[in-house]
Colleague: 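Could you have a look at this structure, given as C-alpha cells, before my questions?
In this chain, residues are counted from 1 in sequence order.
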Amino acid sequence: MHRSEWQKSSYSAANNECVELRRADTSIELRESDEGDIILRTTPAALATLLHGLKAGEFDHHA
C-alpha cells in the first residue's frame, strides 16, 4: 500500500493537538497527532461530504 506523508493544518502551528491526514492508495487516513496509533480510513468522497456538512452547520445541534 502506498502512503503519503502525514499532513496537518497550518493553523495548528507547533501545537500537537490536531488532526492529520494522508493519502493511502484510494483512501484517506486520519488520525489525532497525540494518538497516532489510532487511524480512521475513509474515501475521498465520504470525507468531502463530511467536510461539506461541517461547513454548512449540519452538525451544530450536536455541540
Colleague: First locate atom NZ of K8, then atom CZ of R31, and finally report the distance between them rounded to the nearest 0.5 Å.
Modeller: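 Answer for the NZ-CZ pair, K8 versus R31, is 10.0 Å.
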Colleague: Of all residues at least two apart in sequence or in a different chain, which pass the side chain to side chain contact (heavy atoms under 4.5 Å, CB included) check with D25?
Modeller: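 Scan of D25 (side chain to side chain contact (heavy atoms under 4.5 Å, CB included), adjacent residues dropped) gives M1, H2.
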Colleague: For a quick test of reading the model, state the closest non-hydrogen atom pair linking L54 to F59 and the distance between them.
Modeller: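 It is CD2-CD1, 3.6 Å.
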Colleague: Roughly how far, to the nearest 0.5 Å, is the CG atom of L30 from the CD atom of Q7?
Modeller: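 Separation between the atoms: 11.5 Å.
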Colleague: For residues 35-49, which side-chain donor-acceptor pairs fall under 3.5 Å, sequence neighbours excluded?
Modeller:
from	atom 1	to	atom 2	distance (Å)
R41	NE	E29	OE2	3.1
R41	NH2	E29	OE2	2.5
T43	OG1	A46	N	3.1
T49	OG1	A45	O	3.0

Colleague: Sort and list the pairs that fulfil salt bridge (charged side-chain N to carboxylate O under 4.0 Å, His left out) and have at least one residue in residues 49-58, not counting sequence neighbours.
Modeller: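 Output for this query is empty, none listed.
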Colleague: Rounded to the nearest 0.5 Å, what's the gap from OG on S27 to CZ on R3? Could you check?
Modeller: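 Answer for the OG-CZ pair, S27 versus R3, is 9.5 Å.
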Colleague: For the hydrophobic clusters of this structure (ILVMFWY residues joined by side-chain heavy atoms under 4.5 Å, transitively), does one cluster hold both L50 and V19?
Modeller: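 Yes, L50 connects to V19 through the hydrophobic network.
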